[in-house]
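Remarks on the structure that follows.
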Amino acid sequence: MTDGAWVSLFSGGKDSSWALYRALERGHPVERLVTVHPEGDSYMYHVPATRLARLAAESIGIQLVEVEPDDFGADDVPDSGEQGDAELEPLEAALRELDDELDGGITGVTAGAVESEYQTTRIESMADRLEANVFAPLWQENPRDLADAMLDAGFEIQIIRVAAYGLDESWLGRTLDADALDELEALNDEYGVHILGEGGEFETLVTDGPHMDRRIEIEYETQWDGSRGSVQIEDAWLA
C-alpha cells in the first residue's frame, strides 16, 4: 500500500514526539495522533501525563484519537508475552476503525521504540496485519546521539517520572538539557541507567518543539516515596 494516511503512536513523551517530528520532516502525511491512556501500569505504553497529549495535538495541529482501555492489570502478570499481546488489542481495534475511516486507509504507523524488542515486534506484527509500514527512526540508534539531535532540533523536554538508582527527587520536573545528559551518561557508566530512559528509568514530556506552534506550560507538585517519584500536574495550558 503506497497511498493513504499515516498515524503516529503518540504519548507526548520525547520518543514518540521525535518519531512524529521525523515523519513530518520526511513528508509522511500524518493525519492522526493515537494516544492510549492506560488506567494502571503497562508493559506496552508510556503511562504518565498522557492526558496532555490533547494539548500537544492542538499545538501540533493534528487530530488526536484517544484509546481508553480497561486496567491492564500489569502489576500482577504471569506471562509478559501474553500481557503485551492483550495490551495491544485496544490499540489495534482503534487503528482498524481509522483504517476504514481515513481516505485510502492507513499506509504507515510511527513508533518511538529505541531498543525494546518486546514493544517493536508487537507493533510490527500489528502493522503487518493492517498492511501498513512502520517508521521507527529511533530504532537501535545511539542514545546520546538521539538525545543531542532532539535538543539541537529545539525540543524542550521535562522529566516527569523517575524510577532508578541515582535519580533522586531533584530530577522531577528537570529539563533534559546537555548538562542532564552528561549526568545521565555518568549514571549509565556507574549504574547502567539508560540515557533515554528506555528501561523505564525515567519518563518525559515534550513541552515545546519545532513541530509545535505553542509551548505547553505546566504547574505541578512532586510526589516522592524515597526511591522513585513523579510529577503531579495541577494545571496545564498552551502559552
Side-chain angles (χ1 to χ4, degrees), residues 1 4-20 22-23 28 30-54 56-57 62-102 104-141 161 163 194 196-201 203-206:
M1 182 185 294
W6 281 72
V7 299
S8 193
L9 306 183
F10 184 76
S11 68
K14 61 179 174 25
D15 298 338
S16 65
S17 296
W18 184 250
L20 167 64
R22 292 298 307 280
H28 292 315
V30 180
E31 295 191 19
R32 296 291 188 277
L33 308 182
V34 179
T35 301
V36 179
H37 299 297
E39 279 295 319
D41 289 334
S42 170
Y43 276 59
M44 281 296 298
Y45 306 109
H46 172 108
V47 173
T50 58
R51 297 293 171 186
L52 295 190
R54 297 173 188 172
I62 299 176
Q63 186 174 333
L64 178 68
V65 174
E66 300 182 84
V67 182
E68 307 274 0
D70 295 331
D71 192 317
F72 290 132
D75 55 348
D76 184 20
V77 174
D79 187 307
S80 62
E82 290 182 4
Q83 179 71 18
D85 295 340
E87 289 189 12
L88 201 65
E89 290 174 3
L91 172 61
E92 185 166 345
L95 292 181
R96 289 194 180 281
E97 289 185 15
L98 279 176
D99 193 40
D100 292 335
E101 173 188 327
L102 294 169
I106 294 175
T107 291
V109 175
T110 76
V114 181
E115 295 175 3
S116 173
E117 293 276 1
Y118 181 91
Q119 294 172 324
T120 303
T121 56
R122 284 169 173 77
I123 291 170
E124 288 177 341
S125 295
M126 177 185 68
D128 286 344
R129 292 191 292 272
L130 293 166
E131 297 182 358
N133 299 305
V134 174
F135 179 62
L138 298 87
W139 181 241
Q140 295 186 335
E141 295 292 329
R161 177 179 288 185
H194 194 282
L196 290 177
E198 179 77 350
E201 294 94 336
E203 304 279 5
T204 62
L205 171 69
V206 174

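Computed from a prediction, not measured in an experiment: that's the story for all the values here.
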Taking [Y]'s backbone N and O only, do any of them form a donor-acceptor pair with [X]'s side chain (distance below 3.5 Å, no angle check)?
X    : Y    : value
K14  : L196 : yes
S16  : G112 : no
H28  : V30  : no
D99  : I106 : yes
E198 : E115 : yes
S11  : G13  : yes

Side-chain contact test, heavy atoms from C-beta onward, threshold under 4.5 Å: evaluate it for [X] versus [Y] and give yes or no.
X   : Y    : answer
L98 : V34  : yes
L95 : M126 : yes
V7  : E31  : no
L20 : I62  : yes

Atom [atom1] in [X], atom [atom2] in [Y]: separation rounded to 0.5 Å?
X    : Y    : atom1 : atom2 : value
E141 : W18  : CD    : CH2   : 10.5 Å
Q140 : E117 : CD    : CD    : 6.5 Å
L138 : T110 : CG    : OG1   : 10.0 Å
D128 : I123 : CG    : CD1   : 12.0 Å
Q63  : R32  : CD    : CZ    : 4.0 Å

Yes or no on side chain to side chain contact (heavy atoms under 4.5 Å, CB included) for F10 and V65, after CA distance, side-chain angles and deciding distance?
-> CA-CA 10 Å; F10 184 76; V65 174; over 6 Å; no

Verify side chain to side chain contact (heavy atoms under 4.5 Å, CB included) between V109 and N133, making sure each step is shown before the conclusion.
-> CA-CA 6 Å; V109 175; N133 299 305; over 6 Å; no

Of all the heavy-atom pairs spanning [X] and [Y], show the shortest one and how long it is.
X    : Y    : result
P137 : A111 : CD-O, 3.9 Å
Q119 : S116 : N-OG, 3.1 Å
F135 : A19  : CE2-O, 3.8 Å

Between T35 and T50, do the side chains contain an N or O donor and an N or O acceptor separated by less than 3.5 Å?
-> no

Electrostatic pair R122:E87 at N-O distance under 4.0 angstrom | no

Does the pair V114 and W139 meet the rule for a side chain to side chain contact (heavy atoms under 4.5 Å, CB included), with working shown?
-> CA-CA 4 Å; V114 181; W139 181 241; 5.8 Å; no

State which residues pass salt bridge (Lys or Arg N to Asp or Glu O under 4.0 Å) with E92; sequence neighbours excluded, sorted by chain then number.
-> R96, R129

